[in-house]
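By convention in this document, chain letters (A, B, ...) are assigned in the order of the sequence lines, proteins followed by strands, and residues within each chain are numbered from 1. Values in this document were obtained by computation on a predicted structure and should not be read as measured data.
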There are 2 protein chains.
Amino acid sequence: MTASIRDVARRAGVSLGTVSNVLNRPDQVGAASRERVLAAIAELGFVRNESARQLRAGTSRTIGLVVLDIANPFFTDVARGVEDVANEAGLAVILCNSDDLPAKEGAYLDLLAEQRVQGVLITPTAELSPHLAALRRRGVPVVLLDRRAPGPGQCAVTVDDVLGGRLAADHLLERGHRRIAFVGGSSGLPQVEERHAGVVAAVREELGGEDALTVFSPEKLTVAAGREAAAEIIGMPAARRPTAVVCANDLLALGMLQEMVRHGVRVPEEFAIVGYDDIDFAAAAAVPLTSVRKPRQELGRRAALLLLDEATRGPDHVHEQLVFEPVLVVRESSMVRRTGRSSAGGTTTPDTRRTVVGPHTTTPAGESPVTEESA
Amino acid sequence: MTASIRDVARRAGVSLGTVSNVLNRPDQVGAASRERVLAAIAELGFVRNESARQLRAGTSRTIGLVVLDIANPFFTDVARGVEDVANEAGLAVILCNSDDLPAKEGAYLDLLAEQRVQGVLITPTAELSPHLAALRRRGVPVVLLDRRAPGPGQCAVTVDDVLGGRLAADHLLERGHRRIAFVGGSSGLPQVEERHAGVVAAVREELGGEDALTVFSPEKLTVAAGREAAAEIIGMPAARRPTAVVCANDLLALGMLQEMVRHGVRVPEEFAIVGYDDIDFAAAAAVPLTSVRKPRQELGRRAALLLLDEATRGPDHVHEQLVFEPVLVVRESSMVRRTGRSSAGGTTTPDTRRTVVGPHTTTPAGESPVTEESA
DNA sequence: CCGGGCGGTTGACACGTTTCATCCCCATGG
DNA sequence: CCATGGGGATGAAACGTGTCAACCGCCCGG
């Protein structure tokens, strides 16, 4: 069928080992034979069989990346960061989309195990899959992405989501809101629960209780789910209806915004919205979205670097758990509009030191990670 | 290191071939030994080595998907369609992001060739890479995605982009626009050139010449590029400045919209915008975006099905070139707003039979593909 | 009692590559 | 002239699996 290294050797009139050397250590082979081999390779259209290479060498050239929702730009941004680092190291990335389904996640993890990937980056579903544990037991490096490690002895790259939730809620409370909703309640994802916890803490501190907080728990964190939650809110009696919402991610927030606008609810005058992740589309929304920014690409980069370190250094590797500080980006969706549309794009009143304004801030102050070492 | 099939055999007290049979033809093996083997597999945590399987079997369980921009939701939607079909067939997808760089594309194609993928789905960069031709020469099925085949003898799944450009332009012309811009001019991508051609044809037919058309040719088809183009347009003298634009994709359109709003230009009253692709975020934009809808997921599905057919049926496979008809989805960004904000979300005046209104139409009429067989 | 057939099992071989100990040849120095 | 060394080239072995022809034991029909 396809030409093998053996055919090349025959054609070039050299031995099999020489061809292999041309491929892997070109400098250790004489110029003359090297030329002949290269010519033969070109003539035969030889392409190295990676399976055979991998079988013999015992090491693959790929890593796995498992995300919750490939349609969420947050994850494609993360993926880009991962890809950059991986490519630089000569590795390919197998991108898997679990769709937040444990079954799909498990299947993909098995697949990655069979492929003998060098390591796995994963934003896991709510429960940590046994397949994951099995992988680690086999010695495959695993780095958690946007998900805190359950204990030491494992790398993780995360964002302080309690702080993020707190930033979002504080912002709304300072704006005078007294009835607030949180969408994304008990999806089971710890990231979301932590955002929730941050919101709860802020509300409790400011208002002395949680009565003011209404929690919605959609099935999925999608635009459609956001719309549904909005419909629910609209259906509430005015006296109990929240005047502002913190959404667990930007997709929810965008759906929320869409539905509100569709029903003629004015944002932010009648209803303020804060999203989470600060995907690029947040700034381009019907009403530019206030959102909690995470260093998306950097998240992927750092996670990939940790994975590579563990994969190459082996037992010398010291596990690290990176925690980035999120930053609130205030835009129109949470600002009471000034008189007469002053400067489009949005002015702001400084909230806390961490607050960043406008869609074009490239490197917010607090974006350097907080590191804790362990194990 | 890790347990092999041989260890399992020893542990279960059976021969090596029996283990292999348990793995691949469980029904051909006695219940007793099967149980013993399965037990041994569980105890040893055995995981089949895919490289070895592939080397021996000569066939891989993966296909490659190469896209132009992973950050563009259009491609993630396509990818989802591909993934669904592939998974159903027990195949994994290696998703590669060429970033519209021929060098990166070539590198990925080489990688896929070394992996001996069953086939490649690709939205290629402007020039058809020699690496692609090499792949096909080696007998690897290749299906072009959103890109017309240069000749017969090859599968392709596309959208009639000339028609799409025409729909967009006709719509604006009917609305009374007489100076129109097209952004995405000569990026070199045929898809874009065809959209351009459609716009040109419509303008020429309606106005008898192309003087009314201003063409912008950004480097990339991104949100940032859209902003820049908008700045250019704003900088033009009012007399020559276009009153409407057709963008080669929605990212450009969103950027355009953002910058216009930022400069206080009212959309659509002072400037109308039509995008292309109809990604989900188009409907959620600052001003909901009129866009040319393509069946994104279906595009991926059909392409994957063709690939599978070619990969499995081999020479019996008859190449197919699917052409979908796009549909114009009219939203606010191109509608002269009615008095007093009647019904939010947008009413419409029927344009042609193909025009579809509102963001929530799920299966537009003309979405069934037009098929042409060849070779 | 014998031959044939069949479900179940075996084990050698092949897949394409990398590795490594070995070997060859020539130049250099003693 | 011989010993030494080193740059190049060689080819056998091994990686873990799938395949397939052969084999074994047993039952059934004659």
Exercise. Counting side-chain heavy atoms from C-beta on, which of D:dG18, D:dT10, D:dT19 comes nearest to A:Val14?
Worked result: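 Among the listed nucleotides, the one closest to the side chain of A:Val14 is D:dT10.
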For this session: Output the single nucleotide from D:dA12, D:dG18, D:dT10 whose closest atom is nearest the side chain of A:Leu16.
Result: D:dA12
Exercise. For atom CD of A:Glu43, is the number of surrounding heavy atoms from other residues, nucleotides or ligands below 6.0 Å larger than 12?
Worked result: yes
Problem set entry | side chain to side chain contact (heavy atoms under 4.5 Å, CB included) assessment of A:Lys104 paired with B:Glu83 | CA-CA 12 Å; A:Lys104 252 183 111 176; B:Glu83 193 205 0; 3.4 Å; yes
Just how far, in rounded Å, is [atom2] of [N] from [atom1] of [X]?
{"X": "A:Asn49", "N": "D:dG16", "atom1": "CG", "atom2": "P", "result": "16 Å"}
{"X": "A:Ile5", "N": "D:dC15", "atom1": "CD1", "atom2": "C1'", "result": "15 Å"}
{"X": "B:Gln28", "N": "D:dG18", "atom1": "CD", "atom2": "P", "result": "14 Å"}
{"X": "A:Arg116", "N": "D:dT17", "atom1": "CZ", "atom2": "C1'", "result": "11 Å"}
{"X": "B:Asn24", "N": "D:dT17", "atom1": "CG", "atom2": "P", "result": "11 Å"}
{"X": "A:Glu50", "N": "D:dC15", "atom1": "CD", "atom2": "C1'", "result": "14 Å"}

Exercise. Can a salt bridge be assigned to the pair B:Arg80 and A:Asp69 using a cut-off of 4.0 Å between side-chain N and carboxylate O?
Worked result: yes
Problem set entry | Identified side chain to side chain contact (heavy atoms under 4.5 Å, CB included) counterpart of B:Leu112 within the set B:Val120, B:Ile122, B:Val140 |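 When side chain to side chain contact (heavy atoms under 4.5 Å, CB included) is applied between B:Leu112 and each of B:Val120, B:Ile122, B:Val140, only B:Val120 qualifies.
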For this session: For a side chain to side chain contact (heavy atoms under 4.5 Å, CB included) with A:Asn97, tell me which candidate from A:Leu68, A:Ile70, A:Leu65 qualifies.
Result: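 So, applying the side chain to side chain contact (heavy atoms under 4.5 Å, CB included) to A:Asn97 and each of A:Leu68, A:Ile70, A:Leu65, only A:Ile70 qualifies.
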Exercise. For D:dA9, does OP1 or OP2 lie under 4.0 Å from any side-chain N or O of A:Ser33?
Worked result: yes
Problem set entry | B:Ser4 side-chain N/O to D:dG16 phosphate OP1/OP2 under 4.0 Å | no
For this session: With DNA chain C as reference, determine whether B:Arg56 or B:Ala32 sits nearer its 5' end, using the nearest nucleotide of each.
Result: B:Ala32
For this session: Report the residue (B:Arg34 or B:Leu55) whose heavy-atom-nearest nucleotide on DNA chain C is the more 5′ of the two.
Result: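 Looking at the nearest nucleotide for each, B:Arg34 comes out on the 5' side.
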Problem set entry | Span of DNA chain C, from the first to the last nucleotide whose atoms fall under 4.0 Å of chain A heavy atoms |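 The contacted stretch runs from C:dG16 to C:dT19.
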Seminar exercise, completed: For nucleotides 21-27 of chain D, 5' to 3', base contacts (B), sugar-phosphate-only contacts (S) and non-contacts (-) with protein non-hydrogen atoms under 4.0 Å give -------
Problem set entry | Which atom of B:Arg11 lies closest to which atom of B:Ala40, heavy atoms considered |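 Shortest heavy-atom contact: CG-CB, 3.7 Å.
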Exercise. Can you tell me how far the SG atom of B:Cys155 sits from the CG atom of B:Leu144, to the nearest 0.5 Å?
Worked result: 9.0 Å
Exercise. Looking for any heavy atom pair under 4.0 Å, which part of the strands does A:Gly58 touch: base, sugar-phosphate only, or nothing?
Worked result: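 If one applies the 4.0 Å heavy-atom cut-off, A:Gly58 turns out to touch nothing in the nucleic acid.
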Problem set entry | Side-chain heavy atoms of A:Thr59 within contact of A:Arg53, under 4.5 Å |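 SC-SC contact between A:Thr59 and A:Arg53 confirmed.
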Exercise. What do the steps show when you test A:Glu50 against A:Arg61 for salt bridge (Lys or Arg N to Asp or Glu O under 4.0 Å), and what is the final call?
Worked result: CA-CA 9 Å; A:Glu50 171 67 16; A:Arg61 301 207 157 291; 5.2 Å; no
